[in-house]
Amino acid sequence: MKKFLKFENVTDLDLAQTLDCGQSFRWVEREDGGFDGVAFNRSVTVRLDGTDLYIENADESDRELWHSYFDLGLDYGKIREEISAIHPILADAAKYAPGIRILRQEPYEALCTFIISQNNNIKRIKGIVQRLCEQFGDRLPDGTYAFPDAEKMASLTADDLAPLRAGFRNRYLVDAARKVADGDVDLEKCRSCDYDEARRELMQITGVGVKVADCALLFGLHRIEAFPLDVWMKRAMATLFPGMTPGDFGQYAGIAQQYIFHYSRMNPKLFEQT
DNA sequence: ACCCAGGAAATTC
DNA sequence: GAATTTCATGGG
């Protein structure tokens with residue numbers, strides 16, 4: 001008898017759009033359309049059947065956890081309508097992938113994965129993250145691996161991380177782990193404190209600049225006003241939204257950002273000079 | 001061989 | 001201070 005959680009009347013969610021759009025790096029699509037992944041030291045399979053969302057192998061006591069993870073308390077349809085008024089191309093981008101949601105990932109995992117993301121590509125990021133979990137994360141009953149916590153990684157050296165083949169990012173990961181484990185960087189404080197202060201807090205870590213800080217804030221601490229500017233977004237801003245700044249996208253800028261990022265990545269022809 | 005990838009640190013000008 | 005180079009690794 002397999003246990004599962006069921007959420008009914010789930011709208012504005014597409015698993016592929018949400019789990020494979022570059023905000024999370026640990027979900028793998030199955031042949032049957034579900035996704036296998038690990039979060040919060042729990043290994044689950046996620047499946048969407050119409051508007052019924054199933055979290056397989058999850059306990060009933062974790063209902064609130066997964067409800068939060070998929071951000072089911074937020075009305076994305078309403079938000080999409082609201083931000084679509086800001087700019088017609090943003091409306092196109094939102095309509096292009098209306099099933100994107102901003103996950104509430106674990107803060108430390110988001111921080112680490114976006115440290116790894118710098119000057120890197122999504123495919124290779126996934127490989128490095130997978131090796132990080134297999135090498136240093138706790139083995140779960142089904143043979144998958146949890147994301148290693150800061151205390152565990154703080155006990156390592158950059159050389160210990162060599163098998164990840166993450167190159168120069170190894171020492172950044174160690175610095176992040178040590179500062180989080182020692183309390184020099186307070187991730188939980190960054191949920192609620194002033195945005196610029198949160199940025200400064202994270203940027204104490206070597207290897208964390210404005211962009212990585214913004215990604216950790218958006219994807220790990222659910223600061224949906226964050227608007228990370230990577231190479232894709234800089235191109236998109238210059239080409240599709242000339243003259244506009246992140247501040248022009250309002251309180252849901254982070255959601256707008258993700259629509260634009262995905263839209264741009266799926267339509268690279270938009271940026272080919274003719 | 002060269003260029004790029006969800007950047008940031010180190011160095012140079 | 002602002003602009004450029006370097007940093008590992010892998011794919012195209």
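Order of the sequence lines sets the chain letters (A, B, ...), proteins ahead of strands, with each chain counted from 1. Atoms considered below: every heavy atom in the structure, side chains included; atoms not considered: hydrogens, waters and symmetry mates.
To the nearest angstrom, C1' of B:dG6 lies 6 Å from CD1 of A:Ile122. Per the geometry, CZ belonging to A:Phe227 stands 13 Å off C1' belonging to B:dG6, to the nearest Å. Atom CG of A:Leu173 and atom C1' of C:dA8 are 13 Å apart (whole Å). Atom CD1 in A:Ile128 sits roughly 13 Å away from atom C1' in C:dC7 (whole-Å rounding). Atom CH2 of A:Trp232 and atom P of B:dG7 are 11 Å apart (whole Å). Between A:Met203 atom CE and B:dA8 atom P there is a gap of 8 Å when expressed in whole angstrom units. Nucleotide B:dG6 holds its P atom 11 Å from the NZ atom of A:Lys126, rounded to whole Å. B:dA8 atom C1' lies 14 Å from atom CG of A:Leu111, rounded to whole Å.
The shortest distance between the side-chain N/O atoms of A:Arg165 and the OP1/OP2 oxygens of C:dG10 is below 4.0 Å. For the OP1/OP2 pair of B:dG6 and a distance below 4.0 Å, the side-chain nitrogens and oxygens of A:Arg169 include no atom meeting the criterion.
When the nucleotides B:dA9, B:dG6, B:dA8 are ranked by their closest atom to the side chain of A:Arg171, B:dA9 comes out on top. Residue A:Arg124 places its side chain closer to C:dT9 than to any other of C:dT9, B:dG6, B:dG7. The nucleotide whose nearest atom lies closest to any side-chain atom of A:Phe168 is, among C:dC7, B:dA8, B:dG6, C:dC7.
A cation-pi contact, defined as under 6.0 Å to the ring centre and within 45° of the axis, is absent between A:Arg26 and A:Tyr145.
A distance-only check finds a donor-acceptor pair linking the side chain of A:Thr18 to the backbone of A:Gly99 [under 3.5 Å].
Taking the six-membered ring wherever Trp is involved, the centroid distance between the rings of A:Phe114 and A:Phe25 falls below 6.0 Å. For A:Phe241 and A:Phe249, the gap between ring centers is short of 6.0 Å.
C:dA2 and B:dA5 have their P atoms separated by 25 Å, given to the nearest Å. Taking atom P on both B:dG6 and C:dT4, the two are 24 Å apart, rounded to the nearest angstrom. Taking atom P in both B:dA8 and C:dG10, one finds a spacing of 22 Å when rounded to whole Å.
Each of A:Lys123 and A:Asn119 has a nearest nucleotide on DNA chain C; the 5'-most of these lies closest to A:Asn119. Each of A:Thr206 and A:Asn121 was matched to the nucleotide of DNA chain B holding its nearest heavy atom; the match closer to the 5' end belongs to A:Asn121. Residue A:Cys21 is the one, among A:Ile205 and A:Cys21, whose nearest nucleotide of DNA chain B lies closer to the 5' end (criterion: closest heavy atom).
Between the side chains of A:Asp248 and A:His87, no donor-acceptor pair of N or O atoms lies under 3.5 Å. Side-chain atoms of A:Asp160 and A:Thr157 form a donor-acceptor pair, as typed in the model, at a separation below 3.5 Å.
For the pair A:Phe261 and B:dG6, the ring geometry qualifies as stacking, because the centroid separation is below 5.5 Å while the planes lie within an angle under 30°.
Residue-level contact check: A:Gly22 touches the bases, meaning some heavy atom is under 4.0 Å from a base atom.
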